[in-house]
Amino acid sequence: MANNEIIHDILIVGAGLAGTWAALAAGRAGVADIGVLSKLHPLRSHSGAAQGGIAAALNNVRPVEGTGKRGPLEPIPPGEEPVDSWELHMFDTIKGSDWLGDQDAIEILVKDAPEIIYEYEHMGCVFSRLADGRIAQRRFGGHSAPRANYSADYTGHVLLHTIHEQALRHGVKFYPEWYCLDLIIEDNICRGVVALDILHGEIYTMRARAVMFGTGGYGRAWKITSNATANTGDGVALAYKAGVPLMDMEFVQFHPTGLYGKGILMSEACRGEGGYLRNSEGDRFMEKYAPGLMELAPRDLVSRSEQTEIETGLGTGQDQQGIDLDLTHLGEEKIMTRLPQVRELALEFLGIDIIKQPVPIQPTAHYSMGGIPAKASGQVIANGEGTAVTGFYAAGECACISVHGANRLGTNSLLDASVFGRRAGIHMAEFVKNGARLYPVSGDPAALSRERLAQFTSSSGSGRVESIGKLANELKETMTRNCGVFRDQQRLQTALSVVQSLQERFKRARIMDTSKRFNTDLLAAIETDNLLIFSRVIVESALNRTESRGAHYRTDFPRRHDEQWLKHTLAHNSADGSPVLGYKSVNIDWEKYPPQERKY
Ligand SMILES: Cc1cc2nc3c(=O)[nH]c(=O)nc-3n(C[C@H](O)[C@H](O)[C@H](O)COP(=O)(O)OP(=O)(O)OC[C@H]3O[C@@H](n4cnc5c(N)ncnc54)[C@H](O)[C@@H]3O)c2cc1C
């Protein structure tokens, strides 16, 4: 073994739900040598911040008879008519996706859902319960039945802890605070990654028979975001640099209820439990936009409605750029048992007690529907024909399988990461057990990374004068202003020229901290590079798509245009860094689920 080289049968980057499920599933299937890299302590992965719930049609509750679809919920007595089914979950997801989701993948997602919830339950996950002991369920936006399974508003936390324990039990080796710097693909075969041990500052080439990315989302390209600081889309940028295309990057979800001025999430469970949205006149304005579902319309629609109210002068909060989330009628007991974390966040960050007073919120960058294109087996595809990249897998938020299409429904993402993380683990185990080779790498990739990083600290006289923090802030500012809830040609062109000029300036970026151990300035530099790389793809994909679909809303093209645009975007990297855009058909069952107008 060469110096600074580490070898595993399976190497997974990311210890959120997707990566950990994959490790556990591969371990259970008999692969003994599994490494999992995480730039954070595994339990600090963003999955652990998820609040509201994980979807599955379990049929534990229904609206009280005669109270209509929005009435109070009661347990369904055993043996009585179910209100929910995988078919209903599937239809809601397809409609939520604005028909851009691949229907074969969605079918797998919703059919696997109940089983994966029971698997969590059998592993000891502490779900909230009904009085008879069954798992409690609540409503969520765009779902026509109450199918969000939850643990108060700490759902991601309990799921991640449950599965992390199981992975440890199966002997998975975690590399906490190791940072993946590069992905090595040669001749369409994935051979490994280059990684930095953050604590010691050493760089390693890590080789494996199968590599998986479960590196999460990229909300940190926006100024107002619900995402943790680590959500910088590293995996997406690294895959793109290594020649893998990126799919549907223009579709970024803005969650309707980010804490005003901060972006921190006030879970959709607030509305699932019955919360109202009010404008400055005190009106529940959703009546105008989605009279059927009101506050529980899908996120893209609610965020646009809020933004419209704000832009017509009916905003609340300081500067009237917010909307009021009113939970006061829910009462103290419900808030303290179902939404304790949300209450704490509003108190801590805005000094507002949601039991007593409405809290101002605003749309916040939340979830990336696009990402690394993958099959339901987790295998990453290299082109529109679906050719797999040998030995490379992706699952969770960094992947685009695509089950969320143009807009994700709340609670479908924890499900996506769990279901497809597990499937990727099973497929990788088969692949390895069937004799997958450990391919060699050319040259010394670790040395190349070392040289690249050394440039950030090269001494004066090199013309490196740009500050990383400044570049990152300018990017976030322009993405929020010009590539947000509402987009048009002019704003997107502005965003593009800003991103291009920031990429030029980045070549002259430098950092002051030259220390080897735990150099957070260096990490910020690498992350900013990644933010710029994928932001460019987002903006160019958004510029090209001259229609409005799901979360991608063009005020200059306000209609969905199926004849021209019912297709996925595939962006390939080119020699000069500009994306070359191609397209790929959507998998649709034209008999069962043909595209319809999307009304709520
Ligand atoms: C505040 C909040 C609340 C949410 N609530 C819900 C909800 O209630 N229901 C729902 O369905 N969804 C929810 N979501 C979305 C959902 O939590 C995520 O989409 C999902 O958890 C993503 O899981 P993941 O495993 O793909 O990635 P993550 O959990 O984000 O994990 C990413 C992993 O990749 C690692 N990583 C990244 N880059 C590198 C690198 N360069 N080197 C090494 N390691 C790296 C990180 O360390 C981390 O371990 C919420 C999201 C947020 C932000």
Side-chain angles (χ1 to χ4, degrees), residues 11-22 36-56 138 140-141 148-151 153-157 159-160 163-164 174-183 193-198 206 212-220 225-239 253 255 257-259 263-269 272 299 341-342 345 364-369 371-372 394-399 404 408-418 420-421 424 523 526-527 530:
L11 183 64
I12 295 166
V13 184
L17 286 186
T20 312
W21 257 114
V36 177
L37 232 70
S38 172
K39 66 177 179 178
L40 305 165
H41 183 279
L43 293 173
R44 292 188 62 88
S45 302
H46 194 64
S47 291
Q51 300 171 352
I54 174 167
R138 57 164 62 120
F140 247 72
N149 308 283
Y150 62 93
S151 180
D153 53 2
Y154 289 98
T155 310
H157 180 88
L159 298 179
L160 188 60
I163 182 146
H164 182 72
F174 282 89
Y175 292 83
E177 297 180 329
W178 277 52
Y179 192 106
C180 180
L181 293 167
D182 274 306
L183 172 66
V193 305
V194 178
L196 165 75
D197 168 4
I198 300 172
M206 302 183 82
M212 186 192 118
F213 273 10
T215 49
Y218 40 84
R220 278 280 148 178
T225 176
S226 67
N227 281 196
T229 43
N231 290 18
T232 51
D234 302 336
V236 170
L238 297 187
Q253 176 165 84
H255 193 293
T257 55
L259 210 52
I264 296 168
L265 195 70
M266 300 279 100
S267 172
E268 186 170 311
R299 292 174 178 174
Q341 180 178 199
V342 162
L345 291 170
T364 183
H366 182 62
Y367 183 84
S368 35
M369 269 75 73
I372 304 167
E397 194 169 336
C398 72
H404 311 299
R408 168 175 78 89
L409 295 186
T411 67
N412 266 353
S413 162
L414 293 176
L415 182 62
D416 168 14
S418 306
F420 292 107
L523 297 181
I526 305 163
E527 287 174 344
N530 292 335

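None of these values were measured; they are calculated from a predicted model. For ligands, and for the atoms within them, numbers begin at 1 and follow the listed sequence.
A donor-acceptor pair shorter than 3.5 Å can be found between the side chains of D234 and Y179. Of the N and O atoms on the side chains of H366 and S226, at least one donor lies less than 3.5 Å from an acceptor on the other residue.
Distance from atom 25 (O) of ligand 1 to its nearest protein heavy atom, with residue and atom name: A18 N, 3.0 Å. Among all non-hydrogen protein atoms, the one lying nearest atom 26 (O) of ligand 1 is E397 N, 2.9 Å. Protein heavy atom closest to atom 53 (C) of ligand 1, with residue, atom name and distance, is H46 NE2, 1.6 Å. Distance from atom 10 (C) of ligand 1 to its nearest protein heavy atom, with residue and atom name: L414 CG, 3.3 Å. Looking at atom 8 (O) of ligand 1, its nearest protein heavy atom turns out to be G52 N, 2.7 Å. Counting only heavy atoms of the protein, atom 37 (C) of ligand 1 lies nearest to T215 O, 3.4 Å. If you check which protein heavy atom lies closest to atom 15 (C) of ligand 1, you get S413 OG, 3.6 Å.
Summarising the contacts of atom 27 (O) of ligand 1 with G216, A237, G16, the nearest heavy atom is found in G216. Considering each of A365, G235, S226, S47, the one bringing a non-hydrogen atom nearest atom 23 (O) of ligand 1 is S47. Summarising the contacts of atom 33 (C) of ligand 1 with S38, G410, G214, A50, the nearest heavy atom is found in G214.
Assignment of N227 to the shell around ligand 1 is supported, since a heavy atom sits closer than 4.0 Å. Residue contact annotation: P42 has no non-hydrogen atom under 4.0 Å from ligand 1.
When non-hydrogen atoms are compared, ligand 1 lies under 4.0 Å from neither the backbone nor the side chain of D416. The side chain of D234, and not its backbone, has at least one atom closer than 4.0 Å to an atom of ligand 1 (non-hydrogen atoms only; side chain from C-beta on). Heavy atoms of L265 found under 4.0 angstrom from ligand 1 belong exclusively to the side chain. Proximity of H366 to ligand 1, defined as any heavy-atom pair under 4.0 Å, is confined to the side chain (atoms from C-beta onward). Contact annotation: for R408 versus ligand 1, heavy atoms closer than 4.0 Å belong to the side chain alone. When heavy-atom distances to ligand 1 are checked against a 4.0 Å cut-off, W178 comes that close only through its backbone atoms N, CA, C and O.
The distance criterion of under 3.5 Å between nitrogen or oxygen atoms is met by L17 with respect to ligand 1.
Numbered from 1 in the order shown, with element, the atoms of ligand 1 that lie under 4.0 Å from a heavy atom of T411 read 9 (N), 10 (C), 11 (O).
Atom NE2 of H164 sits about 12.5 Å away from atom OG of S47, to the nearest 0.5 Å.
Here the side chains of T232 and K39 are in contact, with some heavy-atom distance below 4.5 Å.
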